[in-house]
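Below you'll find the structure, written out as structure tokens, and then a few comments.
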Amino acid sequence: MEIITGIPDGWPADDAAALAVQDELRDRVVLDEPGPPPGGGLVTGVDVAYDDERDLVVAAAVVLDAATLEVVEEATAVGRVAFPYVPGLLAFREIPTVLAALERLDSGPGMVICDGYGLAHPRRFGLASHLGVLTGLPVMGVAKNPFTFTYEQPGPRRGDSSALLADDGTEVGRALRTQDATKPVFVSVGHRVGLEGACAHTLALARRYRLPESTRHADALCRRALKEVQQAAVQP
DNA sequence: GCGACAG
DNA sequence: ATCTTGTCGC
């Protein structure tokens, strides 16, 4: 469980190289599929935690039964941080280790839900889109912040939503209220799923808390796994 | 030029 | 993301 995922050969070494990769992959995104029907099947939450001191990143993938919200399977992976944090280039920091965690699952992941954005991105190719193109899986993103985008405050009730807008007025996602009187989450499409379906999945997975159960489980697991790795580093 | 900016 | 104590509230 302490195998460290290597950074792939040819991984972008600077911003310019990363921008070129986004430019090359962006038109492989599939946006004309409605995606898997909400409320059933499998959904997999992915998330990462960092230790910048040791240059480590731990990724977690947690598979849930979308109907019952029961955990079906969990996997983690440890890697080297593959890129600095640059707004708009988040994917290059997380993807190698997230892929490693996904590959360690025995079950098929179904639809993947990640922290961050897909279409809602400066070049319309955020983490969720990137992960989708690399895996071929349906992927959507649920973010906690609006990034650089603007939105009208949605209604106060669970299920109320409003458009998340880019500078040019394009709808790149939705601000979706998942609980009464709590801050909305920001949903966007990654790959092979529509915005309506992505919002429906988000609501179905956020019955009780603001964030979907998938991301809550993945977040808890990668933090736990990171702590274990840190303990092992101190006490060999 | 300056500030803002998913995680 | 991460650094960090207590605290208000269901």
Side-chain angles (χ1 to χ4, degrees), chain A residues 12 15 18-19 21-22 26 29 45-62 76-99 101 112-133 139-151 158 164-168 170-176 178-191 195 198 202 206-212 214-227 229-230 233:
Chain A
D15 293 12
L19 291 171
V21 170
Q22 291 184 332
R26 60 191 294 181
V29 172
V46 296
D47 194 15
V48 301
Y50 299 100
D51 181 341
D52 287 318
E53 291 286 279
R54 298 188 175 81
D55 193 38
L56 292 179
V57 52
V58 175
V62 180
T76 60
V78 182
R80 230 90 235 191
V81 178
F83 208 84
Y85 174 65
V86 179
L89 300 178
L90 175 66
F92 295 94
R93 195 168 163 74
E94 317 201 328
I95 275 189
T97 314
V98 167
L99 286 177
V112 175
I113 301 179
C114 51
D115 286 29
Y117 283 120
L119 246 195
H121 178 272
R123 290 164 296 281
R124 304 293 179 270
F125 193 71
L127 174 61
S129 314
H130 201 147
L131 194 56
V133 164
V139 183
M140 52 170 280
V142 177
K144 305 175 211 56
N145 301 294
F147 200 10
T148 63
F149 303 100
T150 58
Y151 65 102
R158 167 179 161 87
L164 189 63
L165 302 173
D167 292 335
D168 60 9
T170 313
E171 181 177 35
V172 292
R174 293 188 108 76
L176 175 64
T178 56
Q179 299 296 327
D180 293 352
T182 60
K183 226 184 90 165
V185 298
F186 304 90
V187 179
S188 76
V189 153
H191 183 63
L195 187 53
T202 303
R207 284 276 158 224
R208 172 139 200 213
Y209 299 99
R210 179 170 87 110
L211 296 177
S214 44
T215 67
R216 299 185 75 250
H217 281 289
D219 180 73
L221 178 57
C222 67
R223 289 184 198 233
R224 212 184 311 143
L226 176 62
K227 284 185 180 177
V229 171
Q230 291 169 327

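Below, chain A is the first sequence line, B the second, and so on; all start at residue 1. Since the model is a prediction, treat every value here as computed from it, not as a measurement.
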Atom-to-atom span, CD of A:E94 to P of B:dG7 - whole angstrom: 9 Å

Residue A:R223, side-chain atoms from C-beta onward, closest of B:dC5, C:dA1, B:dG7: C:dA1

Can you check whether A:Q22's main-chain N or O pairs, donor with acceptor, with A:R123's side chain at less than 3.5 Å? no

Rounded to whole angstroms, how far apart are CD on A:E53 and C1' on C:dA1? 14 Å

Is A:G88 touching bases, backbone alone, or none of the nucleic acid, heavy atoms closer than 4.0 Å? base

Check every strand shown and say whether A:Y85 touches a base, only sugar-phosphate, or nothing at a heavy-atom separation below 4.0 Å. base

With a 4.0 Å cut-off on heavy atoms, is A:A49 in touch with a base, just the backbone sugar-phosphate, or nothing at all? sugar-phosphate

Polar side-chain atom of A:K183 near backbone of A:K144 as donor-acceptor pair, under 3.5 Å: yes

How close or far is atom C1' of C:dA1 from atom CG of A:L90, stated in whole angstroms? 9 Å

Whether A:N145 contacts B:dC5 is assessed here as follows: a side-chain N or O lying under 4.0 Å from the phosphate OP1 or OP2. Is that the case? no

Given atom CG of A:L226 and atom P of C:dC3, what is their separation to the nearest angstrom? 9 Å

Any side-chain to backbone donor/acceptor pair from A:E94 onto A:A49? Under 3.5 Å, distance only. no

Indicate yes or no for a side-chain donor-acceptor contact from A:H121 to the backbone of A:G88 under 3.5 Å, with no hydrogens or angles considered. yes

d(CD, A:Q230; C1', C:dT2) in whole Å: 11 Å

A:D115 has an atom CG; how far is it from atom P of B:dA6, in whole Å? 13 Å

Within the side chain of A:R158, is there an N or O that forms a donor-acceptor pair under 3.5 Å with the backbone of A:A206? yes

Look at the side chain of A:K144 and decide which nucleotide, out of C:dT2, B:dA6, B:dG7, has an atom nearest to it. B:dG7

Within this structure, what is the CZ-to-P distance between A:R210 and C:dC10, rounded to whole angstrom? 19 Å

May I ask you to say what A:D47 touches in the nucleic acid, namely base, sugar-phosphate or nothing, with a heavy-atom cut-off under 4.0 Å? sugar-phosphate

Counting the atoms with a prime plus P, OP1 and OP2 as sugar-phosphate, which does A:L164 contact under 4.0 Å by heavy atoms, base, sugar-phosphate, or nothing? nothing

